[in-house]
Amino acid sequence: MPRPAPPLPVVDPARARAFGTRLRAWFRRHGRDLPWRRTRDPYHILVSELMLQQTQVVRVVDYYARFLERFPTLRHVAEAEPEAVTDAWAGLGYYARARNLHALARRVTAADGPGVIPPDPEALRALPGVGAYTAGAVSSFAYERRSALVDTNVARVLQRVFAPSLDPKRPRDLTRLWRIAEAIVPRTGRAAWVQNQALMELGALVCTARVMRCDQCPVRASCATYAATVAAARTTVAKRVRR
DNA sequence: AACTCGGGGAG
DNA sequence: CTCCCAGAGTT
């Protein structure tokens, strides 16, 4: 009996490497200088990620600075009244995030708590307000672990580049995009930090939901959607020439 | 799997 | 005007 064939890789390794190398080089040159990219403090990273949930970067910047001024450490949050934390959140929306942060702070700093924000995505995931994305983000951005993360930006970018037939809005397809994200994480934690930031930055600046700026895209050579666009344009031109 | 939570900006 | 945004929790 023939042995079953080994499972095909989720993404061709050579293609993943070419994609990642181009993407990271682009980020080093064009990535925005954002405050939470200048620190590895897990508490600071956590605050930024909670604020950034469903909230655009430009509006978070000021809240982030003001919040950390008022609550310099996780312990300051834990020792504050819940209302004080919600007050610092006023205007940002999604106030469950503020309540979750307070609950998280008390749990982590409790006598039987870990005392510090954990580096492992699985442990992070167990904390209030921390889902799959935020767990990966804190693990990668604060601890430089080789953790994958998928937010709406990353889901869209990976879908367009590697899996145009998937629909990121479907939970079923979203788990497959997580598989892809995990498959393309680079070898070192440092490079993983850059690549994860770069995936989100590309989705925020170039490969946006409404507009695909392929002329500015560093990875169009590895992009399935771009290839389809070019092929379609060629057909259009050929038809025109035939007349 | 569908709904809810907010407020602001882009197209 | 509609859709989207560094999502997560609840039903």
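Because only heavy atoms are used, hydrogens play no part in the values below, and waters and symmetry mates are left out as well, while side chains stay in.
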Sugar-phosphate, base or nothing in reach of A/Arg99, heavy atoms under 4.0 Å: nothing
Mind listing the N/O atom pairs, protein and nucleotides 7-11 of chain B, below 3.5 Å?
| unit_1 | atom_1 | unit_2 | atom_2 | d |
| --- | --- | --- | --- | --- |
| B/dG8 | O4' | A/Arg59 | NH2 | 3.2 |

Rounded interatomic separation in angstrom, taking CZ from A/Arg170 and P from B/dA1: 8 Å
Nearest-Å distance for atom pair CG/C1', residues A/Asn196 and C/dA6: 11 Å
hydrophobic_cluster_shared for A/Val138 and A/Leu68, side chain cutoff 4.5 Å: yes
Gap between atoms CE and C1', on A/Met51 and C/dA8 respectively (whole Å): 17 Å
d(NZ, A/Lys169; P, C/dA8) in whole Å: 19 Å
Polar side-chain atom of A/Ser140 near backbone of A/Gly136 as donor-acceptor pair, under 3.5 Å: no
Nearest-Å distance for atom pair CG/C1', residues A/Leu52 and C/dG7: 11 Å
Sugar-phosphate only, base, or nothing, as touched by A/Val60 at under 4.0 Å among non-hydrogen atoms: nothing
Intermediate values then yes/no, salt bridge (charged side-chain N to carboxylate O under 4.0 Å, His left out), A/Glu182 and A/Arg179: CA-CA 5 Å; A/Glu182 287 158 1; A/Arg179 297 293 106 73; 3.4 Å; yes
Sugar-phosphate only, base, or nothing, as touched by A/Ala137 at under 4.0 Å among non-hydrogen atoms: nothing
Exercise: do A/Arg97 and A/Gln53 side chains pair donor with acceptor under 3.5 Å: no
Separation of the P atoms in B/dC3 and C/dC4, to the nearest angstrom: 16 Å
Any side-chain heavy-atom pair of A/Leu50 and A/Trp89 under 4.5 Å: yes
Residue whose closest nucleotide on DNA chain C lies nearer the 5' end, A/Ala209 versus A/Ala132: A/Ala209
A/Tyr143 backbone acceptor or donor facing A/Arg40 side chain under 3.5 Å: no
Nearest-nucleotide comparison on DNA chain C, the residue closer to the 5′ end among A/Phe141 and A/Gly129: A/Phe141
C/dA6 and B/dG11, which share atom name P, separated by this distance in whole Å: 13 Å
Rounded distance in Å - CG (A/Asp167) to C1' (B/dA1): 13 Å
Interatomic distance at P, C/dA8 relative to B/dG9, whole Å: 24 Å
Within residues 146-164 of chain A, residues whose heavy atoms come under 4.0 Å of DNA chain C: A/Asp151, A/Thr152, A/Asn153, A/Arg156
Gap between atoms CG and P, on A/Leu202 and C/dC5 respectively (whole Å): 14 Å
A/Phe162 side chain reached by A/Arg15 side chain, heavy atoms, under 4.5 Å: yes
Min side-chain heavy-atom separation A/His30-A/Glu201 under 4.5 Å: no
Side-chain donor or acceptor of A/Gln159 paired with backbone N/O of A/Leu166 under 3.5 Å: yes
N-O pairing of A/Arg66 and A/Glu69 below 4.0 Å: no
Sugar-phosphate only, base, or nothing, as touched by A/Ser48 at under 4.0 Å among non-hydrogen atoms: nothing
Whole-Å gap separating C1' (C/dG7) and CG (A/Leu101): 15 Å
